[in-house]
Visitor: 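The structure under discussion is supplied below as structure tokens; questions concerning it will follow.
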Amino acid sequence: VAAAGSAGALFLTTALSLHVLFLGLFALLVNRLPALNAGLRLKRPLRLSELLVGSNAAIGGPSTAAAFAAPLGAQYVVPAAIFGVAGYAVGTALGVGMWTALRA
């Protein structure tokens with residue numbers, strides 16, 4: 001039967017995709033708002049583009065951060081990628097630590 005996949009629950013799939021979308025938006029807001037607030041309150045405030053590249057490195061990782069930083073200039077690409085990799089390392093360590101603590 002060629003149309004066997006059409007029996008899937010379209011409503012449930014759409015409802016789940018909306019939950020995933022809102023979870024992603026919530027994660028972005030939880031990351032971006034404190035980062036922007038802290039970065040703009042420094043003695044030498046960072047530029048908005050620098051703050052957004054740093055926030056993107058924290059959420060999206062090195063590949064999206066480098067792509068996001070490229071239009072701003074070559075001097076932003078390598079630091080964005082490095083901080084994206086550092087975010088992966090810190091996030092992995094925290095995740096393994098939480099898994100170990102909650103497993104017991």
Visitor: Please collect all side-chain hydrogen bond (donor to acceptor under 3.5 Å, both in side chains) contacts where either partner lies in residues 74-84, sequence neighbours excluded, each pair once.
Guide: Arg47-Tyr76, Glu50-Tyr76

Visitor: Is there a chain of hydrophobic side chains (I, L, V, M, F, W, Y, each step under 4.5 Å between heavy atoms) that links Leu46 to Leu40?
Guide: yes

Visitor: With side chains defined as the heavy atoms from C-beta onward, is the minimum distance between Leu36 and Leu48 less than 4.5 Å?
Guide: yes

Visitor: Is it the case that one hydrophobic cluster holds both Val53 and Leu51, taking links as side-chain heavy atoms less than 4.5 Å apart, direct or via other members?
Guide: yes

Visitor: Can I get a per-line list of side-chain donor-acceptor pairs under 3.5 Å for residues 78-94, giving both atom names and the distance, sequence neighbours left out?
Guide:
from, atom 1, to, atom 2, distance (Å)
Thr92, OG1, Tyr88, O, 2.7

Visitor: Rounded to the nearest 0.5 Å, what separates atom CG in Leu28 from atom CG in Asn56?
Guide: 8.5 Å

Visitor: If you compare all heavy atoms of Ala70 against all heavy atoms of Val77, which two are closest, and at what distance to 0.1 Å?
Guide: CA-CG2, 3.7 Å

Visitor: Rounded to the nearest 0.5 Å, what's the gap from CZ on Arg32 to CG on Leu25? Could you check?
Guide: 10.5 Å

Visitor: Kindly work out whether a path of hydrophobic side-chain contacts (I/L/V/M/F/W/Y, heavy atoms less than 4.5 Å apart) joins Leu52 to Leu42.
Guide: yes

Visitor: Between atom CZ of Phe22 and atom OG of Ser17, what is the distance when rounded to the nearest 0.5 Å?
Guide: 10.0 Å

Visitor: With sequence neighbours excluded, tell me which residues meet side-chain hydrogen bond (donor to acceptor under 3.5 Å, both in side chains) with Arg41.
Guide: Asn37

